[in-house]
Asks: 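Take a look at this one; I'll ask things after.
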Protein chains: 2
Amino acid sequence: MRDVATMAGVGIATVSRVVNGKPVTPDLAERVKRAAELLGYRQDLTASSLRRADRRTHTLGLVLEDAANPFSAALHRAVEDAAAEHGMLLLAGSTDEDPVRERGLLKTFAARRVDGLIVVPTGQNDTDLDAARRAGTPVVCMDRRTTAPQVDAVTVDNRAGVQAAVKRLHAAGHRRIAFLGDLRTIWTAEERYAGFVKGLAEAGCVLHRSLVRRDLHGVEAAQEATRELLALAHAPTAFISGQNLLTVGARMALQELRLQHRVALIGFDDLPLAGLLEPGISVIAQDHAAIGREAAGLLFDRLDGERGPARHRVLPTRYLARGSGEIPAAEDR
Amino acid sequence: MRDVATMAGVGIATVSRVVNGKPVTPDLAERVKRAAELLGYRQDLTASSLRRADRRTHTLGLVLEDAANPFSAALHRAVEDAAAEHGMLLLAGSTDEDPVRERGLLKTFAARRVDGLIVVPTGQNDTDLDAARRAGTPVVCMDRRTTAPQVDAVTVDNRAGVQAAVKRLHAAGHRRIAFLGDLRTIWTAEERYAGFVKGLAEAGCVLHRSLVRRDLHGVEAAQEATRELLALAHAPTAFISGQNLLTVGARMALQELRLQHRVALIGFDDLPLAGLLEPGISVIAQDHAAIGREAAGLLFDRLDGERGPARHRVLPTRYLARGSGEIPAAEDR
DNA sequence: TTGAAAGCGCTACCAG
DNA sequence: CTGGTAGCGCTTTCAA
């Protein structure tokens with residue numbers, strides 16, 4: 001920049017003004033631009049934000065469960081688009097539900113002075129989230145809640161979604177409904193299970209503890225659990241799966257045993273291609289784009305100075321009937 | 001940091017040494033740490049990299065086609081893991097195949113002084129990639145090649161993959177094979193088409209221009225094209241689809257017409273759940289993790305000082321027979 | 001081993 | 001409107 005100033009025969013401050021589009025005599029501006037071009041000048045945003053009064057880096061930190069999971073990917077893209085509208089870029093990282101990794105990400109994001117954080121929290125690090133916020137970095141939780149104060153969250157109505165699904169299954173005659181749940185440390189896993197319990201209770205249906213399998217993580221765990229449940233003397237006639245990979249595992253087990261047309265299955269969160277299966281997988285779908293957009297919105301509020309207590313936006317789920325959730329209970333069994 | 005120094009009664013340089021783990025008398029180090037703790041000191045990596053001799057930001061720029069696409073997501077995660085091993089973080093953005101967006105991303109990544117770039121290039125910005133490299137930022141292309149010099153690339157053997165698929169279909173009696181291709185600006189789309197042409201030629205099979213549909217982008221375009229092809233007087237008995245979303249669209253059209261068991265389909269790139277469909281979708285699969293890992297490896301080489309000409313790593317594809325590619329040609333038609 | 005001081009590239013302030 | 005100058009938080013000489 002100094003070189004550009006020298007070459008253009010102007011002060012260094014003028015170059016800065018030109019680069020930042022502040023009012024400068026056209027003649028000078030032209031000279032500066034030419035010099036910048038000739039010298040191959042490249043603006044340095046890191047130095048700029050260091051000196052700038054607001055110290056903004058125009059960077060957001062995004063903490064996901066696993067960037068490779070289609071669910072996380074959809075959130076990522078939604079946040080990216082919202083961020084781009086505000087001229088912000090995303091630093092992203094995956095936790096794999098490991099609080100140590102989460103902590104590491106939060107720390108390095110903080111050290112890089114991100115303007116804000118959007119986090120899918122593991123649920124075992126609430127103090128770190130609070131610490132980040134106290135240090136001046138607004139934090140918004142996405143997909144899950146947290147207990148940290150002044151940390152906003154946007155989630156879907158997990159309980160209501162599962163509850164409605166249970167009612168449907170009950171109405172179709174199912175009395176032995178199994179539940180597959182993700183790690184109990186995950187907020188949504190607990191919420192969805194709560195919805196399951198509530199749904200059964202409202203339907204006046206018995207909750208068979210032997211048909212509940214929680215703390216399952218990943219396709220294979222669900223597949224194995226489903227196999228085991230189906231081998232039971234009084235096997236379930238329907239399954240509710242609390243996460244997308246678990247749904248895949250459950251369906252794989254069902255197809256292994258050629259039971260996909262006889263045993264009902266409703267999954268939480270949609271899957272690509274779910275509609276092309278025979279029968280299609282019925283799901284409790286969430287609007288990923290809306291979740292990400294809303295989370296970004298809450299964050300930008302905070303960046304604009306909002307100082308109130310934690311806000312919690314709850315988005316509705318939508319049931320997509322594709323067949324697997326519409327299988328009636330077999331007469332006997 | 002100055003405050004910490006004052007409080008600990010040491011020089012500011014000593015605090016820097018402690019923070020960076022350089023040798024300091026244990027007694028002093030202890031005092032510094034305590035002061036830092038008390039004052040809630042948080043390291044500022046942006047300022048640090050500004051002053052540091054190597055000027056490294058420990059940040060990589062990742063330019064994807066669409067962060068929400070499972071393919072991009074898998075690459076993202078693979079690169080993230082490799083980056084994390086080297087203590088690097090990822091700035092990521094999507095181009096949607098728009099060279100203007102790509103250019104914008106490259107520019108802002110450069111302004112943020114990323115240490116290196118891993119790019120899935122739109123193919124319409126090769127000069128910008130070269131410009132980045134000339135400015136001192138090593139660039140590696142992932143999934144696609146580029147003509148820019150000294151820009152490494154890691155791709156799969158697209159031609160060989162499609163070629164082998166064509167041969168399989170031909171051996172199964174297919175003589176009217178359709179091809180669905182993505183935007184022709186995309187390098188892989190052209191390569192895959194080249195493989196299609198070569199495969200037909202080697203099999204001594206006629207290339208029916210009317211069965212080739214290129215420049216398709218997204219599920220719906222492929223669905224519509226597939227419908228049209230199937231409505232032809234001499235409809236194809238088999239389809240090869242050159243991209244994952246196109247495969248989905250093709251399969252949707254096939255199922256609409258209940259032809260999924262009669263018309264063969266082979267897709268390029270695997271899809272989640274593809275194995276659960278009836279029939280399963282046979283695909284030419286690529287190892288996303290390997291692609292990402294390899295790309296990161298090439299980049300770290302460059303960061304370690306490698307100055308040679310562009311290197312191009314070609315990874316093999318693997319054919320996954322799941323049924324849809326094993327459907328023989330109907331006797332008549 | 002330590003501390004003082006210079007300065008990374010930039011913006012903010014102030015005097016002209 | 002413009003240029004000089006101070007200084008963002010840090011690392012790196014360099015001398016003690």
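Chain A is the first sequence line, chain B the second, and so forth, proteins listed ahead of strands; every chain is numbered from 1. Since the model is a prediction, treat every value here as computed from it, not as a measurement.
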Asks: Does a side-chain N-to-carboxylate-O contact under 4.0 Å join Asp152(A) and Arg133(A)?
Replies: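 Looking at Asp152(A) and Arg133(A), the cut-off is not met.
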Asks: Measure CG/Asp3(A) against C1'/dC8(C) and give the value in whole Å, please.
Replies: 13 Å
Asks: Check DNA chain C against residues 27-48 of chain B and give the residues with a non-hydrogen atom under 4.0 Å, in numerical order.
Replies: Leu28(B)
Asks: Check the side chains of His58(A) and Asp115(A) for a donor-acceptor pair under 3.5 angstrom, ignoring hydrogens and angles.
Replies: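 There is no such pair (donor and acceptor under 3.5 Å, judged by atom type) between the side chains of Asp115(A) and His58(A).
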Asks: Does dG3(D) have OP1 or OP2 sitting under 4.0 Å from an N or O in the side chain of Thr14(A)?
Replies: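 Answer is yes, contact under 4.0 Å.
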Asks: Quick test: give all pairs of protein nitrogen or oxygen and nucleotides 12-16 of chain C nitrogen or oxygen below 3.5 Å, distance rounded to 0.1 Å.
Replies:
{"from": "dA12(C)", "atom 1": "OP2", "to": "Lys22(A)", "atom 2": "NZ", "distance (Å)": "3.3"}

Asks: Do His76(A) and His76(B) have ring centroids that are under 6.0 Å from one another?
Replies: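 They qualify: ring centres under 6.0 Å apart.
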Asks: How long is the line joining CZ of Arg55(A) and C1' of dC10(C), in whole Å?
Replies: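 My rounded result for the distance is 12 Å.
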Asks: Is Arg51(A) salt-bridged to Asp44(A), going by a charged N under 4.0 Å from an acidic O?
Replies: no
Asks: Does Thr95(B) use its side chain to pair, donor to acceptor, with the backbone of Arg101(B) at less than 3.5 Å?
Replies: no
Asks: If you count heavy atoms of other groups shown closer than 6.0 angstrom to CZ of Arg55(A), is the number above 12?
Replies: yes
Asks: Round to a whole Å and report the spacing from CE of Met1(A) to P of dC10(C).
Replies: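 It works out to 6 Å between those atoms.
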Asks: Is a salt bridge present between Glu65(A) and Arg144(A), judged by a nitrogen-to-oxygen distance below 4.0 Å?
Replies: yes
Asks: To the nearest 10 degrees, what angle separates the axes at the start and end of the helix from dT1(C)-dA16(D) to dG16(C)-dC1(D), five pairs each?
Replies: 40°
Asks: Does a side-chain N or O from Thr25(B) land closer than 4.0 Å to OP1 or OP2 of dT2(C), or not?
Replies: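 Yes, within the criterion.
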Asks: On the 0 to 90° scale, with breaks at 30° and 60°, tag the His312(A)-Trp187(A) ring pair as parallel, tilted or perpendicular.
Replies: perpendicular
Asks: Looking at Lys107(B) and Asp128(B), is there a salt bridge between them, counting it only when a charged N and a carboxylate O are closer than 4.0 Å?
Replies: no
Asks: For Cys141(B) versus Val151(B), what's the shortest heavy-atom pair and its separation?
Replies: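 Minimum heavy-atom contact is SG-CG1, 3.8 Å.
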Asks: In whole Å, I'd like the distance from the CZ atom of Arg113(A) to the P atom of dC8(D).
Replies: 14 Å
Asks: Would the number of heavy atoms belonging to other residues, nucleotides or ligands and lying under 6.0 Å from CZ of Arg103(A) be above 12?
Replies: no
Asks: Could you give the CZ-to-C1' distance, from Arg2(A) to dT5(D), as a whole number of Å?
Replies: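 Distance, rounded to whole Å: 14 Å.
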Asks: Counting the atoms with a prime plus P, OP1 and OP2 as sugar-phosphate, which does Val19(A) contact under 4.0 Å by heavy atoms, base, sugar-phosphate, or nothing?
Replies: nothing
